[in-house]
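Reading through the structure tokens given below for one structure.
Please read these numbers as outputs of a predicted model, since none were measured by experiment.
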Amino acid sequence: MKLNKITSFIGGTALGCLVAFTPVLTAQAASVVGVPSDMVDLTYAAENTVNSVVFIKVTMAGKQQQVEYYSPFDDFFGDFFGFGNGQRRKQQVETPKRKASGSGVIISSDGYIVTNNHVVEGADEINVKLNDKREFKGRIIGTDKNTDLALIKVEAEGLPAIPIGDSDKLKLGEWVLAVGNPFNLTSTVTAGIVSAKSRSLYANSVESFIQTDAAINAGNSGGALVNAKGELVGINAMLYSQTGSFSGYGFAIPTTIMNKVVDDLKKYGTVQRALLGISGTDLTKYIDEQKDKGKDDSDLDFGTNDGVIVLEVPVEGAAADAGLEEKDVITAIDGKTVHSMAEMQEILATHRPGDKVTVTYLRNKKTYSKQITLRNIQGTTENVSDIDPMSLGVALKPLTAEQKRELALSNGLLVISVKDGKMKQAGVTTGIIILEVNDKKMNTPDDFDEVVKAANNSKDPVLWIKAKNQAGQYKSFTVDLSTDAKK
């Protein structure tokens, strides 16, 4: 099935629903073949879950942004007055205040709430409204773009936390409820079944979605997917649609991934991602692609049609050190069968750098097993610390229009204060104008913060700074964000 459109946002109290399952077989025959003959009552799950799902309203303040514009009058008057000549100009504008909404799930009585990253991304203010109409201010504990999850907190006690279930135990065809606030209709419950597991949509770098036909629409983002017991088994994140509204399937992030992300954000402020050190794809997908290119079946006999084929093994990665090679087919991790890349990602997402896993793979149709120590993105077995850009020791201010004119610059951040920290150690002083960091132009302090956080969670945690002094001379600085030598 080709996905024509994926909408990455799914942002009257329902007392419950009753779903009748009518077996085709007689009760006696059903008991023989293991088919349930009882009705599936979802009212308990619905009535209890709505109290644990919150309505999140987000406000994003207007921000200064540099835009290019073209004036048609320049074509007429440019030559006469000696300016313009039909060229594009740059202008500093302020974007309007924006508002958005979505859902969240209370996971602890002391106010921790899980939602989607895209619900709160860029938020300057977060308001959380409970099903009993109480409202609280929310603050972000941490976010993770790779899984599209975020953890926020409200200052309250005794909140109705949802029981967290094991998404691994979900079965195809099992009844589930999607609970959220679609189209600002708070506390809405829809029912469906688990249509598929370990689904990959190539929307996030780490994903293994639960697919369901329970209706999910805009506003459901961050809401709960629960089983018939009322246990949380997933966080609703996406819908498949050609119209932007529900037309068949929704997708939820399983609790196996959510639990690890939440735990990391609480402990470290950032997710500790454990990497095997390979790039690969589903073996079935690879075989189909190769057949389309005219490859002979005899060249595509790996001894199995299931698993993840290794396409690349970086020299300095964990897998390379363990001896894995291109065209190996990974079939299991720690004895758990791996059918697809999504399944492998879901297993690895429960681990941290330094954990050891046993990888089973086929090479030339022979089975091998190796123990591999997982590493972080920087190639070490250490936990990656979150970094506060303020800890670097500089205060920054955007250049005014007058300063840009005087210095003949189109962008830049003025260093207005320097204290002890990595920036001072690198030679940055008051009055320096930072033009670019890691090839990104600097216009606002937010630009600098984003680059710092991205670099800190990259393979090379370094800031490459291009700058100018007040006399117009170019300067360059290198800031190493790592705290420990690589191991």
Quick check against the 3.5 Å criterion: does [X] have a side-chain atom that pairs as donor or acceptor with the backbone of [Y]?
| X | Y | answer |
| --- | --- | --- |
| Asn220 | Ile216 | no |
| Asp213 | Gly192 | no |
| Asp334 | Lys336 | no |
| Asn438 | Val462 | yes |
| Asp282 | Lys285 | no |
| Asn127 | Glu135 | no |
| Ser52 | Pro160 | yes |
| Asp328 | Val310 | no |
| Asn227 | Gly230 | yes |
| Glu125 | Thr59 | no |

Would you call [X]-[Y] a salt bridge at under 4.0 Å N-O?
| X | Y | answer |
| --- | --- | --- |
| Arg352 | Asp264 | yes |
| Lys145 | Glu121 | yes |
| Lys453 | Asp388 | no |
| Glu343 | Lys197 | no |
| Lys267 | Asp263 | yes |
| Asp321 | Arg375 | yes |
| Arg134 | Asp132 | yes |

Please determine whether the number of non-hydrogen atoms from other residues, nucleotides or ligands lying under 6.0 Å from atom [atom1] of [X] exceeds 12.
| X | atom1 | answer |
| --- | --- | --- |
| Asp439 | CG | no |
| Asp296 | CG | yes |
| Lys295 | NZ | no |

Output all residues satisfying salt bridge (Lys or Arg N to Asp or Glu O under 4.0 Å) with Glu326, sequence neighbours left out; order by chain, then residue number. none
Restricting to salt bridge (Lys or Arg N to Asp or Glu O under 4.0 Å), what partner residues turn up for Lys153, sequence neighbours left out? Glu155
For Gln378, the option from Val384, Asp460, Leu275 that meets side chain to side chain contact (heavy atoms under 4.5 Å, CB included): Val384
Starting from the C-alpha separation in whole Å, work towards a yes-or-no answer on side-chain contact (heavy atoms from CB on, under 4.5 Å) for Ile257 and Ser208. CA-CA 8 Å; Ile257 291 178; Ser208 184; 4.3 Å; yes
Supply the atom-to-atom distance [X] [atom1] to [Y] [atom2], rounded to the nearest 0.5 angstrom.
| X | Y | atom1 | atom2 | answer |
| --- | --- | --- | --- | --- |
| Ile333 | Thr358 | CD1 | OG1 | 10.0 Å |
| Ile126 | Ile140 | CD1 | CD1 | 4.0 Å |
| Asn456 | Thr270 | CG | OG1 | 7.0 Å |
| Leu481 | Ile387 | CG | CD1 | 4.5 Å |
| Ile193 | Lys171 | CD1 | NZ | 14.5 Å |
| Asn204 | Asn116 | CG | CG | 9.0 Å |

Please verify the inter-ring angle class for Tyr286 with Phe302; under 30° counts as parallel, over 60° as perpendicular, anything in between as tilted. perpendicular
If every non-hydrogen atom of Asp110 is compared with every non-hydrogen atom of Glu157, which pair is closest and at what distance? CB-OE1, 3.7 Å
Asp148 versus Ala237, closest heavy-atom pair with distance: OD2-CB, 4.4 Å
Carefully, step by step, assess Thr360 and Ser369 under the rule side chain to side chain donor-acceptor pair (under 3.5 Å). CA-CA 4 Å; Thr360 303; Ser369 288; 3.2 Å; yes
side-chain contact (heavy atoms from CB on, under 4.5 Å) between Thr186 and Asn131, worked out: CA-CA 8 Å; Thr186 58; Asn131 192 45; 5.6 Å; no
I'd like to know whether Ser187 forms a side chain to side chain donor-acceptor pair (under 3.5 Å) with Asn181, so could you lay out the CA-CA distance, the side-chain angles of the two residues, the decisive distance to 0.1 Å, and finally the verdict. CA-CA 6 Å; Ser187 307; Asn181 305 286; 4.9 Å; no
Quick one: do Glu207 and Ser200 satisfy side chain to side chain donor-acceptor pair (under 3.5 Å)? Show the steps, please. CA-CA 6 Å; Glu207 59 183 26; Ser200 182; 3.1 Å; yes
Before you tell me yes or no, could you show the steps for Val359 and Leu276 under side-chain contact (heavy atoms from CB on, under 4.5 Å), namely the whole-Å CA-CA distance, both residues' side-chain angles and the distance that decides it to 0.1 Å? CA-CA 10 Å; Val359 177; Leu276 187 59; 3.9 Å; yes
May I ask you to check if Lys266 and Tyr112 form a cation-pi contact, with NZ or CZ under 6.0 angstrom from the six-membered ring centre and within 45° of the axis? yes
Given Asp306, Thr331, Asn305, the one that forms side chain to side chain donor-acceptor pair (under 3.5 Å) with His339: Asp306
Assess the residue pair Ile465 and Thr478 against the criterion (side-chain contact (heavy atoms from CB on, under 4.5 Å)); give the C-alpha distance rounded to whole Å, side-chain angles, the decisive distance to 0.1 Å, and a yes or no. CA-CA 6 Å; Ile465 300 175; Thr478 304; over 6 Å; no
Phe55: ring pair (Phe, Tyr, Trp, His ring centres under 6.0 Å) partners, not counting sequence neighbours: none
Check the pair Asp41 / Thr43 against side chain to side chain donor-acceptor pair (under 3.5 Å), numbers first and verdict last. CA-CA 6 Å; Asp41 188 351; Thr43 55; 2.7 Å; yes
